[in-house]
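Okay, so here's the structure we're looking at.
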Amino acid sequence: MTTDKKETAASDFIRAIIAKDLRNNKNNGRVVTRFPPEPNGFLHIGHAKSICLNFGIARENPGGVCHLRFDDTNPSKEEDAYVQAIQNDVKWLGFDWGDKLFYASNYFNQLYEYAVKLINMGKAYICSLSAEEIRQYRGTLTEPGKDSPYRNRSIEENLDLFSRMRAGEFAEGSHILRAKIDMSSGNLNMRDPAIYRILKVSHHRTGDKWCIYPMYDFAHCLSDSIENITHSLCTLEFEDHRPLYDWFLDVLKVHHPQQIEFARLNLDYTVMSKRKLMQLVDGGYVKGWDDPRMLTISGLRRRGYTPTAIRNFCRTIGIAKRENRIDMTVLENSIRDDLNVLAKRVMGVLKPLKIIIENYPEDQEEMLEVANHPKNPEMGSRMVPFCREIYVEHDDFMEEPPKKFFRLGPGREVRLRSAYFITCTRVIKDDNGLVVELRCTYDPASKGGSSPDGRKVKGTMHWVSARHGVRAEINLYDRLFTVENPESDKDKDFKEFLNPGSLVTLKDCIVEPSAAAINPGQQVQFERQGYFCLDSTSKQDNIIFNRIVTLRDTWTKIRKKQGVKQ
RNA sequence: UGGGGCGUCGUCAAGUGGUAAGACACAAGACUUUGACUCUUGCAUUCGUAGGUUCGAAUCCUGCCGCCCCAGCCA
């Protein structure tokens, strides 16, 4: 079952370009895209945008394919554990690369040959300036750079030096292969960019075979070309790199994919870069890459998000070139939409308040039938135990109820969902004056939740039998940061805006027996509270739920408004 | 005094010369054994701004303003 919104076909400027190319038979009618992550961290919701775009386009076009290619040209940052996690995440999101799994490192030999070819064409040279000197020679944003004194080495010397770089004869940083383009270009990327650097680091796939590694600009365009990619989609910050992407392919006269850039995703109240997410993980601010507060794919999965919800979210936000910052409510809405249809309803009390129903026989217990879904009878019903002692939500009782509060209060009558009407007769407090227990009476005629005399009660509350309920721990998650854009303050580190209340663990929640029996990974709705799932660390004797998202809460809004007025 | 982008509702986003889609948010109301869901209604005489072309401009032209990205041997 799925709630994918296919009826609204995605349409954006990239798909428009591709459709036009197809009409003009530009690539013999082929569409080949690729998703090219660097295996240096976990995928996040921003990557999901790119995954949905690239794999989505491939899926939408007959014969379209999307490659998964690991852009592993910097072994000092990359690990095999990340390539495994990334594959897992892409699959989980619902996409399939078939046999099109590649690595830039697969092409190291070819890339090396292309570099040699460039040298032979007089289009690349070995520069022996230090990193610092290269920076100085590069010029500034407003001033042109200067030619390297090594720029006019002979082809023979360049060839010799390059092969010796490869052979490991030189120290890191002593030499570098550069493209010979234009040191006065207004585009810094064209000022003789680095192509190969010496890195005496072993690579997660090629081991110690190489001690020189190609740079992104060189490796990426050629990898695209080698794989016969037709449309190479990337984010806006690579716009400046496109002339270089084109330069390599034009000079080498090889298949030339079209690079198209789109705006990356920004979401309220979070950060969206692998570097920053890594800081949160490494600094212990969260409990790993899959911490449910993290907007990583694995974090969202553990939190209880569905692939469908994430895909729908990506469709909703669209693809364009302007900078954007999406409301968190859009993401939340996408999971509510999906789970509203799919999730079984159960009852669970987060902050228990005990009620003793004084006119309910002490030794009586009964099973009450409760529907699993209010709109979908096919989801059936279950039997829920009821007895004289029950728990209700502490927040559902107020000793002095304000206007419009239609839950429980002294002398008030409410409905217990699918059970009975009860009336509060007495409030019991502890020494500090805190309400610790309620005494009520019930109306036996109201069994099932309606009264034969037709009288109305405004409030309906969830409840759990105290004798039968199962104790559970529940993690309530809130946004990770307290401000919309934690990265906007240039004087403060983004971590200063971490929300101390982003995780609140409730240890003494009580849930109905059937809730405790759900499968890991299955989502349920605790009525009136929100959507939850079992955490991956949940055990039979220590049940742990994660709150995925709350239900929309009009009452809280009303209360806040009343608060403002007072 | 460099180069590259972008400016349409609070937030996203359609629109590509014919008179401003949709989504989220928000507001009002209906329904309701979840204050949920669902439903109804409202929400840009206006498209950064000033001119120009045109019968007609968010769409074409010009000037101006604002915002973002680029000086890794990261991707």
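Note that this is a predicted model, so its numbers are computed, not measured. Note on naming: letters A, B, ... go to the chains in the order of the sequence lines (proteins, then strands), and numbering restarts at 1 for each one.
Judged by the 6.0 Å distance and 45° axis criteria, A:Arg415 is not positioned over the aromatic ring of A:Tyr420.
Every residue meeting the side-chain contact (heavy atoms from CB on, under 4.5 Å) condition with A:Lys276, not counting sequence neighbours, appears here in chain and number order: A:Val271, A:Ser273, A:Gln279, A:Glu487, A:Phe494. For A:His175, the ring pair (Phe, Tyr, Trp, His ring centres under 6.0 Å) criterion is met by A:Phe170, not counting sequence neighbours. Contacts of A:Ile181 classified as side-chain contact (heavy atoms from CB on, under 4.5 Å), with partners at least two apart in sequence or in another chain: A:Ala179, A:Met190, A:Asp192, A:Pro193, A:Leu244, A:Trp247. Annotation: ring pair (Phe, Tyr, Trp, His ring centres under 6.0 Å) contacts of A:Phe35 (sequence neighbours excluded): none. Partners of A:Leu188 under the side-chain contact (heavy atoms from CB on, under 4.5 Å) rule, at least two apart in sequence or in another chain, are A:Arg138, A:Leu141, A:Arg191.
Within the 4.0 angstrom heavy-atom criterion, no nucleotide atom of any strand lies near A:His462. Residue A:Phe262 is out of contact with every strand shown, counting any heavy-atom pair closer than 4.0 Å. A:Leu129 comes within 4.0 angstrom of a nucleotide base, judged by non-hydrogen atoms across all strands. Nucleic acid contact for A:Met190: none, since no nucleic acid atom lies under 4.0 Å from a heavy atom of the residue. Note on A:Arg415: a base of the nucleic acid sits closer than 4.0 angstrom, heavy atoms only. Among the atoms of the strands shown, only primed sugar atoms or phosphate atoms (P, OP1, OP2) are found under 4.0 Å from some heavy atom of A:Thr460. At a threshold of 4.0 angstrom between heavy atoms, the contacts of A:Gln529 with the nucleic acid are absent. Within 4.0 Å (heavy atoms only), A:Thr73 reaches sugar-phosphate atoms of the nucleic acid but no base atom.
When the C1' atom is used for both B:A57 and B:C47, the distance is 11 Å, rounded to whole Å. B:G10 and B:C26: their P atoms are spaced 15 Å apart (whole Å). On the C1' atoms, B:U40 is 11 Å away from B:C31, given to the nearest whole Å. Nucleotides B:C64 and B:C70, compared at atom C1', are 25 Å apart to the nearest Å. Nucleotides B:A14 and B:A75 have their C1' atoms positioned 32 Å apart, rounded to a whole Å. Taking the P atom of each, B:A28 and B:C43 are spaced 15 Å apart, rounded to whole Å. Comparing the P positions of B:U1 and B:C67 gives a spacing of 16 Å, expressed to the nearest Å. Nucleotides B:A58 and B:G48, compared at atom C1', are 12 Å apart to the nearest Å.
Using a 4.0 Å cut-off, no side-chain N or O of A:Lys321 falls inside it from OP1 or OP2 of B:G7. Applying the 4.0 Å criterion to OP1 and OP2 of B:G72, one finds that A:Arg138 has a side-chain N or O inside that range. Within the 4.0 Å cut-off from OP1 or OP2 of B:G3, not a single side-chain nitrogen or oxygen of A:Ser185 is found. In terms of phosphate contacts, A:Arg264 brings no side-chain nitrogen or oxygen within less than 4.0 Å of OP1 or OP2 of B:C69. Regarding contacts with the backbone of B:A71, every side-chain N or O of A:Arg191 stays at 4.0 angstrom or more from both OP1 and OP2. Proximity of A:Arg135 to the phosphate of B:G72: a side-chain N or O atom is located under 4.0 Å from OP1 or OP2. The side chain of A:Arg322 places an N or O atom within less than 4.0 Å of a non-bridging phosphate oxygen (OP1 or OP2) of B:A13. Between A:Thr554 and B:A36, a side-chain N or O to OP1/OP2 separation shorter than 4.0 Å is present. Taking only side-chain nitrogens and oxygens, A:Lys561 comes nearer than 4.0 Å to OP1 or OP2 of B:A27.
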Identify the pairs formed between an N or O of the protein and an N or O of nucleotides 9-11 of chain B at a distance under 3.5 Å, and give each distance.
residue : atom : partner  : partner atom : Å
B:G10   : N2   : A:Asp327 : OD2          : 3.3
B:U11   : O3'  : A:Arg325 : O            : 3.3
B:U11   : O2'  : A:Arg325 : O            : 2.7

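For the pair A:Arg275 and A:Ala263, both in contact range of RNA chain B, the more 5′-proximal nearest nucleotide belongs to A:Ala263. In terms of position on RNA chain B, the residue among A:Glu172 and A:Lys404 whose nearest nucleotide sits closer to the 5' end is A:Lys404.
Anti is the classification of B:G51, since its glycosidic angle lies more than 90° from 0.
Side-chain to base pairing of A:Glu143 with B:U1: no donor and acceptor N or O lie closer than 3.5 Å to each other. Contact annotation: side chain of A:Asp240 to base of B:G3, donor-acceptor pair present below 3.5 Å.
A stacked arrangement is assigned to A:Trp555 and the six-membered base ring of B:G35, with a centre-to-centre distance below 5.5 Å and an interplanar angle below 30°.
Applying the ring-ring contact (aromatic ring centres under 6.0 Å, His included) test between A:Trp463 and each of A:Tyr442, A:Phe386, A:Tyr391 identifies A:Phe386 as the sole match. Put simply, the residue from A:Arg417, A:Arg382, A:Lys344 that forms a salt bridge (Lys or Arg N to Asp or Glu O under 4.0 Å) with A:Glu512 is A:Arg382.
Ion pairing between a basic and an acidic side chain is recognised when a charged N comes within 4.0 Å of a carboxylate O; A:Glu413 and A:Arg455 show such pairing.
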